[in-house]
Amino acid sequence: MTITTADVHARLADLGLTLPEAAAPVAAYVPTVTVGGLMHISGQLPFKDGVVMTGRLGEDRDLAYGQEAAERCGLMIAAQIEKALGGFDRLDRIVKLGVFVNSDPAFTEQPQVANGASELMEKLFGEAGRHARAAVGVAVLPRGAAVEVDAVVAVR
């Protein structure tokens with residue numbers, strides 16, 4: 001199945017979502033690097049209404065908040081893909097997501113938090129959105145973010 005920019009934007013509209021403006025780097029790195037048909041996307045933070053969603057899962061934030069934060073990271077991943085490729089027509093598939101969850105040591109639902117980003121990829125890109133994944137708990141994330149997600153995607 002070919003992914004088209006129009007189809008992705010229609011799916012976003014059906015979900016009541018819009019892509020944010022792709023975030024600029026906040027340190028010494030670039031948002032994307034493409035080598036050998038694979039685009040590596042730097043870690044993306046969850047923005048809601050222009051503000052980073054912060055907090056620690058299992059301490060001051062619950063699972064639903066974490067899932068929404070992961071989904072917001074997924075939206076930013078999609079925004080970075082669109083900006084780098086000028087649309088989605090050259091996207092072949094989502095290969096892998098790395099999901100980092102700012103979580104209390106007793107919190108063990110990182111895979112369920114990560115589903116917020118994973119399920120969005122499948123909703124936006126269909127079968128091509130199904131991917132390999134890592135979901136890990138960490139002690140702290142940049143800007144106090146609740147979740148950070150990076151990605152590897154195949155491009156034509």
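Within the 4.5 Å cutoff, the side chain of Pro25 has no heavy atoms near those of the Ser42 side chain. Using a 4.5 Å cut-off on side-chain heavy atoms (C-beta onward), Val149 and Leu45 make no contact. Inter-residue side-chain proximity for Leu91 and Val8 is flagged as unmet; no heavy-atom pair is nearer than 4.5 Å. Put simply, the side chain of Met53 reaches to within 4.5 Å of the side chain of Lys48, judged on heavy atoms.
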Steps toward side chain to side chain contact (heavy atoms under 4.5 Å, CB included) verdict (Val35, Val33): CA-CA 7 Å; Val35 176; Val33 172; 3.8 Å; yes

Let's go through Val138 and Val101 carefully: what are the C-alpha distance in whole Å and the side-chain angles of both, what is the deciding distance for side chain to side chain contact (heavy atoms under 4.5 Å, CB included) to 0.1 Å, and is it a yes or a no? CA-CA 6 Å; Val138 297; Val101 181; 6.0 Å; no

Under the side chain to side chain contact (heavy atoms under 4.5 Å, CB included) rule, what do Thr54 and Asn102 come out as? Steps first, then yes or no, please. CA-CA 9 Å; Thr54 61; Asn102 182 352; over 6 Å; no

Stepwise side chain to side chain donor-acceptor pair (under 3.5 Å) check, Glu148 with Gln44: CA-CA 5 Å; Glu148 180 176 355; Gln44 301 298 306; over 6 Å; no

Please report the C-alpha distance between Leu17 and Leu124 in whole Å, then the side-chain angles of each, then the deciding distance to 0.1 Å, and finally whether the side chain to side chain contact (heavy atoms under 4.5 Å, CB included) criterion is met. CA-CA 11 Å; Leu17 299 171; Leu124 295 183; 5.9 Å; no

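The nearest pair of heavy atoms linking Ala23 to Met76 is N-SD, 3.4 Å. Between Ala145 and Pro46, the shortest heavy-atom contact is CB-CD, 4.0 Å. Contact record, Leu12 with Leu75: CD2-CD2, 3.7 Å, taken as the closest heavy-atom pair. Taking both residues in full, the closest heavy atoms of Gly66 and Val113 are given as O-CG1, 3.4 Å, listed atom of the first, atom of the second, then distance. Closest non-hydrogen pair, Asp104 versus Arg56, comes out as N-CG, 3.4 Å. For the residue pair Ala22 and Gln80, the shortest heavy atom distance occurs at CB-OE1, 3.5 Å.
Under the 4.5 Å side-chain heavy-atom criterion for ILVMFWY residues, no single connected hydrophobic cluster contains both Ile41 and Val52. In the hydrophobic cluster analysis, where Ile, Leu, Val, Met, Phe, Trp and Tyr join through side-chain heavy atoms closer than 4.5 angstrom, Ile81 is grouped together with Leu19. In the hydrophobic clustering of ILVMFWY residues, with side-chain heavy atoms under 4.5 Å counting as a link, Ile94 and Leu85 come out together. Taking hydrophobic clusters as Ile, Leu, Val, Met, Phe, Trp and Tyr residues chained together by side-chain heavy-atom distances below 4.5 Å, Leu120 shares a cluster with Met39. Hydrophobic clustering keeps Phe100 apart from Met121 (ILVMFWY residues linked when any side-chain heavy atoms are closer than 4.5 Å, directly or through intermediates).
The main-chain N or O of Ile3 is never found under 3.5 Å from a side-chain atom of Asp7 such that the two would form a donor-acceptor pair. For the pair Gln67 (side chain) and Gln112 (backbone), a donor-acceptor distance under 3.5 Å is present. Not a single donor-acceptor pair under 3.5 Å links the side chain of Tyr65 to the backbone N or O of Gly55. Between the side chain of Arg93 and the main chain of Gly129, no donor-acceptor pair closer than 3.5 Å is present. Remark: the backbone N or O of Leu97 is not paired with any side-chain donor or acceptor of Arg133 at under 3.5 angstrom. Glu109 contributes no side-chain N or O that, together with a main-chain N or O of Phe107, makes up a donor-acceptor pair within less than 3.5 Å. Without hydrogens or angle criteria, Asp150 side chain to His40 main chain gives no donor-acceptor distance under 3.5 Å. Between the side chain of Arg130 and the backbone N or O of Phe125 there is no donor-acceptor pair closer than 3.5 Å.
Judged by distance alone, the side chains of Gln110 and Ser103 do bring a donor and an acceptor atom under 3.5 Å apart. In this model, no donor atom of one side chain and acceptor atom of the other lie less than 3.5 Å apart for Asp89 and Thr4.
Annotation: the span from Glu127 atom CD to Glu122 atom CD amounts to 6.5 Å, rounded to 0.5 Å.
The salt bridge (charged side-chain N to carboxylate O under 4.0 Å, His left out) check on Arg72 picks up Glu68, with sequence neighbours excluded. Checked against salt bridge (charged side-chain N to carboxylate O under 4.0 Å, His left out), Arg143 has no partners two or more places apart in sequence or in another chain.
Across Thr32, Asp92, Thr34, a single residue satisfies side-chain contact (heavy atoms from CB on, under 4.5 Å) together with Val155, and that is Thr34.
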